[in-house]
Amino acid sequence: MDLAPEELQFLSLPDILRESIAIPRRSPKTFYFITLTLIFPLSFAILAHSLFTHPILAQLEDHPSADPAQTRHQWSLLLIYQFCYLIFLFAFSLLSTAAVVFTVASLYTSKPVSFTSTIAAIPRVFKRLFITFLWVSLLMLVYNAILIILLVIFVIAVDSQNAFLVIFSFVVIMVLFLGVHVYITAWWHLASVVSVLEPIYGFTAMKKSYELLKGRVKMACILVFCYLAICAVINGIFGQVVVHGGEYFGVFQRIVVGGFLVGVLVIVNLVGLLVQSVFYYVCKSYHHQGIDKLALQDHLGGYLGEYVPLKSSIQMENLDV
């Protein structure tokens, strides 16, 4: 991002993608290790977890055991797999976000970058991201509750053959899924960047990211929708060929396709995290909020235990301490 801060607001979607892809060239070794240690395990887990859960689900559906104890054991095993997967998924998702956002910000402020310094900063960054994630989870809980209620209404409408209620429920569900879900995801991603780069997190970071999204909602939703669509296609192909394709594809073919898809997902996740970081600076520029690189550099140094001035405009605005 060699552009002046005031020019970032004029970046189009292709420009943001181009700037994001160019960032790793400035510190290839650092991004290589971030990708290998954080993004690769995350991407592998996203695709490979179904290899462990599918056999259990298939056995429960196709060959139910007459022994209740055996059935309970299988369900317990399935729940343990899912629980471990979710913990791993959320942990590495937050760790990857912390590493990429911190590294991109360090490059932006011309702060020396290394994989060691990035890893050293993660423990302090992780806590802030986790608190923000809890607030997002609360929001998603409300969203899912509303979605479930609408699904129940939709089922009732189908049973009662009420055409108006069916159409109304279907439209609202689609709007919630395609619109609200994408918007909340974009909101969360921007709030994560705010939590790392500004002295706020949790609900305050959510509020700040909401303000930053104004005027750039359409761009954010397009970026998130494209990311989710690409991930859905990759997951779909992996499921059809690697997980369920045993009757049509050989072991070697499935290994090759699986390895290729994991590699593609690694690239998609890395680019997605880079875009997420660049988009933050675009929003700041759009709202004419000056970015004080020295203050940001001090803020990043605080994660490494360096001295941070008592009074600093880290939030890139005039703060009264």
Side-chain angles (χ1 to χ4, degrees), residues 5-6 8-9 11 16 90 93-98 100-102 104-105 108-109 121-122 124-147 175-225 227-228 272-273 275-293 295-296 298-300 302-303 308 310-321:
E6 59 272 10
L8 291 172
Q9 61 181 304
L11 292 180
I16 292 176
F90 291 134
S93 177
L94 296 180
L95 290 171
S96 300
T97 300
V100 172
V101 173
F102 178 87
V104 172
Y108 182 70
T109 59
I122 283 181
R124 290 185 174 91
V125 178
F126 186 85
K127 175 185 175 182
R128 302 164 65 90
L129 283 174
F130 182 70
I131 294 174
T132 301
F133 170 74
L134 291 179
W135 278 98
V136 175
S137 299
L138 182 62
L139 181 63
M140 289 300 295
L141 187 64
V142 175
Y143 162 78
N144 287 324
I146 296 174
L147 188 61
V175 169
L176 273 176
F177 181 75
L178 295 178
V180 178
H181 181 77
V182 170
Y183 177 79
I184 292 177
T185 303
W187 190 5
W188 170 32
H189 287 174
L190 189 56
S192 296
V193 181
V194 171
S195 299
V196 177
L197 302 185
E198 302 192 12
I200 54 177
Y201 52 91
F203 178 76
T204 311
M206 294 288 292
K207 184 178 179 181
K208 179 62 182 291
S209 63
Y210 174 78
E211 296 295 330
L212 287 176
L213 274 177
K214 290 181 179 178
R216 282 291 180 262
V217 172
K218 181 179 178 181
M219 180 180 286
C221 288
I222 291 174
L223 289 171
V224 171
F225 179 79
Y227 170 76
L228 294 177
L273 290 170
V275 168
Q276 173 179 314
S277 299
V278 173
F279 185 70
Y280 165 81
Y281 298 101
V282 172
C283 291
K284 295 286 288 187
S285 177
Y286 177 79
H287 290 281
H288 306 291
Q289 297 180 9
I291 300 177
D292 187 340
K293 291 188 178 182
L296 178 56
D298 291 336
H299 180 66
L300 297 175
Y303 292 130
V308 180
L310 181 60
K311 186 172 183 178
S312 173
S313 56
I314 295 173
Q315 201 168 337
M316 299 71 165
E317 302 167 40
N318 294 325
L319 297 178
D320 294 327
V321 180

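Of all the heavy atoms in V282 and L11, the pair that sits closest is CG2-CD1, 4.0 Å. Minimum interatomic distance between M206 and A191 (heavy atoms only, all atoms of both residues): SD-CB, 3.7 Å. Residues L213 and A220 come closest through the heavy atom pair CD2-CB, 3.7 Å. Of all heavy-atom pairs between F279 and M219, the closest is CE1-SD, 3.7 Å. Across Y108 and L8, no two heavy atoms sit closer than the pair OH-CD1, 4.3 Å. Here the closest heavy-atom approach between residue Q276 and residue V101 is recorded as NE2-CG2, 4.3 Å.
Rounded to the nearest 0.5 Å, atoms SG (C283) and NZ (K208) are 10.5 Å apart. A distance of 12.5 Å separates CG of L212 from OH of Y281, quoted to the nearest 0.5 Å. Summarising the geometry, atom CD belonging to E198 is positioned 10.0 Å from atom OG belonging to S209; distances are rounded to the nearest 0.5 Å. Interatomic distance, NE2 of H287 versus NZ of K214, reported as 8.0 Å (0.5 Å rounding). Here the OG1-CG distance, from T185 to L228, works out to 5.5 Å after rounding to the nearest 0.5 Å. I222 contributes atom CD1, which lies 10.0 Å from atom CD1 of I16 (distance to the nearest 0.5 angstrom).
Under the 6.0 Å distance and 45° angle rule, R216 counts as a cation-pi partner of Y286.
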### Task
Please assess Q9 against H288 for the test side-chain contact (heavy atoms from CB on, under 4.5 Å), listing each intermediate value before the final yes or no.
CA-CA 9 Å; Q9 61 181 304; H288 306 291; 3.7 Å; yes
### Task
Go through H189 and V193 one step at a time and tell me if the side-chain contact (heavy atoms from CB on, under 4.5 Å) criterion holds.
CA-CA 7 Å; H189 287 174; V193 181; over 6 Å; no
### Message
Go through it in stages, so that I can follow the logic: the residues are L197 and L300, the test is side-chain contact (heavy atoms from CB on, under 4.5 Å), and I'd like the CA-CA distance, side-chain angles, deciding distance and then a yes or no.
### Response
CA-CA 7 Å; L197 302 185; L300 297 175; 4.1 Å; yes
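Contacts of T132 classified as side-chain hydrogen bond (donor to acceptor under 3.5 Å, both in side chains), with partners at least two apart in sequence or in another chain: S195.
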Please report, to 0.1 Å, the donor-acceptor pairs under 3.5 Å made by any side chain of residues 133-144, with sequence neighbours excluded.
| from | atom 1 | to | atom 2 | distance (Å) |
| --- | --- | --- | --- | --- |
| S137 | OG | F133 | O | 2.9 |
| Y143 | OH | L176 | O | 3.1 |
| N144 | ND2 | M140 | O | 3.0 |

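Within the 4.5 Å cutoff, the side chain of V194 has no heavy atoms near those of the T204 side chain.
Relative ring orientation between Y210 and W187 is described as tilted, the plane-to-plane angle lying within the 30° to 60° band.
No more than 12 heavy atoms of other residues, nucleotides or ligands lie within 6.0 Å of CZ in F130, so this atom counts as exposed by the packing criterion.
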